[in-house]
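One structure is given here, and the rest of the page talks about it.
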Amino acid sequence: MKTLYLDAFSGISGDMFIGALLDLGIDFDAFKAELAKLHVNGYELQCEHLTKNSIFGTSFDVVLNHEKDHGFIEHHREMMNNDKLHHAADHHHGDVRHLKDILSLIHTSDVSAKVKKQAGAVFKEIAAAEAEVHHLPVTDVHFHEVGALDSIVDIVGCFIALELLGVDDVQASPLTDGSGFINVAHGQMPVPVPAVMQMRIGTSIPIKQRTDIHTELITPTGMGLVKTLVTHFGTMPEDQRVLKVGYGFGKRDTGSFNALRAVLFEKKKLSNQLVNCKSDTVLLIEANLDDQTGESLGFVMDVLLDAGALDVFFTPIHMKKNRPATKLSLLVNPAEREKFVRLLLKYTRTIGVRYQTLQRSIMQRQFRSVATTFGPVHVKVATYGDIVKQTPEYEDCAKIAHEQKVALEEVYQEVTRQLTRPSD
Ligand SMILES: O=C([S-])c1cc(C(=O)S)c[n+]([C@@H]2O[C@H](COP(=O)(O)O)[C@@H](O)[C@H]2O)c1
Ligand code: NI
């Protein structure tokens with residue numbers, strides 16, 4: 001399982017996000033070939049590898065065949081009330097794209113179903129924020145044709161890049177924005193810009209403001225992507241292996257290192273990570289479910305384990321109204337409470353979950369590789385003072401049993417023989 005961590009110490013925009021993902025090693029031609037499945041013309045992609053502040057990274061840009069003029073989103077009322085602007089827009093670029101046009105463009109393209117769903121969700125987020133800020137029905141918000149193209153490529157491109165990298169989960173640091181005002185086609189806008197502020201409503205997405213940087217660091221596209229993708233805000237995962245680090249440069253001169261750092265982590269597949277402490281704190285989250293099928297419950301268990309739950313288990317219970325039901329329990333790292341609450345609310349039929357913090361006494365665990373006549377097998381070594389337990393790793397033994405057509409028991413016995421063999 002792969003986790004992408006966004007270290008957003010200088011904010012986030014669509015270009016910075018894609019730049020950082022390309023910097024993690026995505027093949028640019030493969031990326032372009034996937035984007036071509038959108039069947040949209042009128043742009044070229046630029047990917048430059050360069051050094052800023054002595055740090056090597058990637059600058060990504062969507063270069064449009066026409067210039068953007070009136071900003072990202074034009075809205076109906078302004079165009080209706082301002083003939084000059086209306087004519088200017090018509091004169092330069094003709095059509096505008098409403099949200100439904102963009103959703104249909106994405107939907108009828110040949111990008112994957114997952115990319116379609118996620119990109120659509122980001123556009124809906126941004127359009128809903130714009131509608132609220134400019135006090136318009138969301139159906140009246142329309143994306144100026146040329147600016148929309150930039151956003152379509154940025155947003156769809158991000159999800160394509162995540163798919164190419166095989167990312168399962170996206171986490172982020174608290175975000176950083178600047179302060180003061182920026183000038184856009186409609187005049188001055190305060191930072192965080194109104195669409196970004198609007199998208200924060202109802203969330204606890206942490207944003208620190210730098211009062212020494214007088215420009216925008218988080219764009220509406222960046223915020224829409226973060227809001228749709230990020231499952232947890234905090235420090236970097238502590239129990240996962242770092243595979244790669246990438247830097248995606250921002251275009252604005254902020255006086256500081258303006259980049260998004262993306263770190264790709266991999267969660268070990270062994271049954272338990274290395275544990276070096278004697279006690280720890282875990283969160284027990286539970287929900288009683290009386291209207292979910294066994295098939296669907298099994299699916300939920302996989303989702304939770306893949307997302308990094310320490311344990312997931314079911315207990316048969318008898319609920320009110322004489323209903324046989326299932327209690328779903330999971331143990332998770334307390335810092336990941338919000339992520340798992342969201343997963344439970346999304347994937348089960350419950351409308352609420354309960355949780356409590358538990359203290360555990362645990363044996364210290366590490367893995368060693370043991371040579372057997374079948375080949376090497378991982379053995380989990382658990383210690384607590386003078387108590388030692390050695391357990392052959394089930395996944396390794398099962399793989400050997402399948403591949404070499406022997407009984408699982410036979411593999412276990414061989415590992416045990418090697419473990420108890422007097423050393424030479
Ligand atoms: O054009 C409009 S209406 C516009 C609105 C807002 C609001 O916050 S409302 C912000 N902007 C600025 O346009 C650029 C482009 O944003 P992307 O997300 O497409 O990169 C950016 O500076 C926004 O703050 C425009
Ligand atoms: Ni706006």
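We count residues from 1, following the sequence as given. Just so you know, ligand 1 is whichever comes first in the structure, and atom 1 is the first atom listed for that ligand.
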Under a heavy-atom criterion of less than 4.0 Å, does His134 contact ligand 1?
yes
Ligand 1 atoms nearer than 4.0 angstrom to some heavy atom of Ala195 are 7 (C), 8 (O), 9 (S)
Output the list of atoms in ligand 1 that are nearer than 4.0 Å to some heavy atom of Thr219, sorted by atom number.
18 (O), 20 (O)
Atoms of ligand 1, numbered as shown, that sit under 4.0 Å from any heavy atom of Val184:
12 (C)
Please say whether Thr221 places an N or O atom under 3.5 Å from an N or O atom belonging to ligand 1.
yes
Geometry only, no angles: is Val133 polar-contacting ligand 1 at N/O separations under 3.5 Å?
no
Under 4.0 Å between a Lys/Arg side-chain N and an Asp/Glu carboxylate O for Arg360 and Asp280?
yes
Charged N-O contact under 4.0 Å between Glu393 and Lys380
no
Side chains of Thr221 and Asp154 only: does a donor on one sit below 3.5 Å from an acceptor on the other?
no
Which of the N/O/S atoms in Glu130 sits closest to the Ni ion (ligand 2)?
OE1
From atom 6 (C) of ligand 1, work out which of Arg252, Glu216, Met16, Met189 has a heavy atom at the shortest distance.
Met189
Interfacing atoms of ligand 1 (cut-off 4.0 Å, heavy-atom, Val193):
8 (O), 24 (O)
Would you please determine whether Pro194 falls within less than 4.0 Å of ligand 1 on a heavy-atom basis?
yes
Once the angle between the rings of Phe299 and Tyr347 is folded into 0 to 90°, is it parallel (under 30°), tilted (30 to 60°) or perpendicular (over 60°)?
tilted
So, Arg354 and Asn288: side-chain donor and acceptor under 3.5 Å apart, yes or no?
yes
Tell me yes or no: between the side chains of His378 and Ser369, is some donor less than 3.5 Å from an acceptor?
no
Tell me whether Glu163 is salt-bridged to Lys114, with the criterion being a basic N under 4.0 Å from an acidic carboxylate O.
no
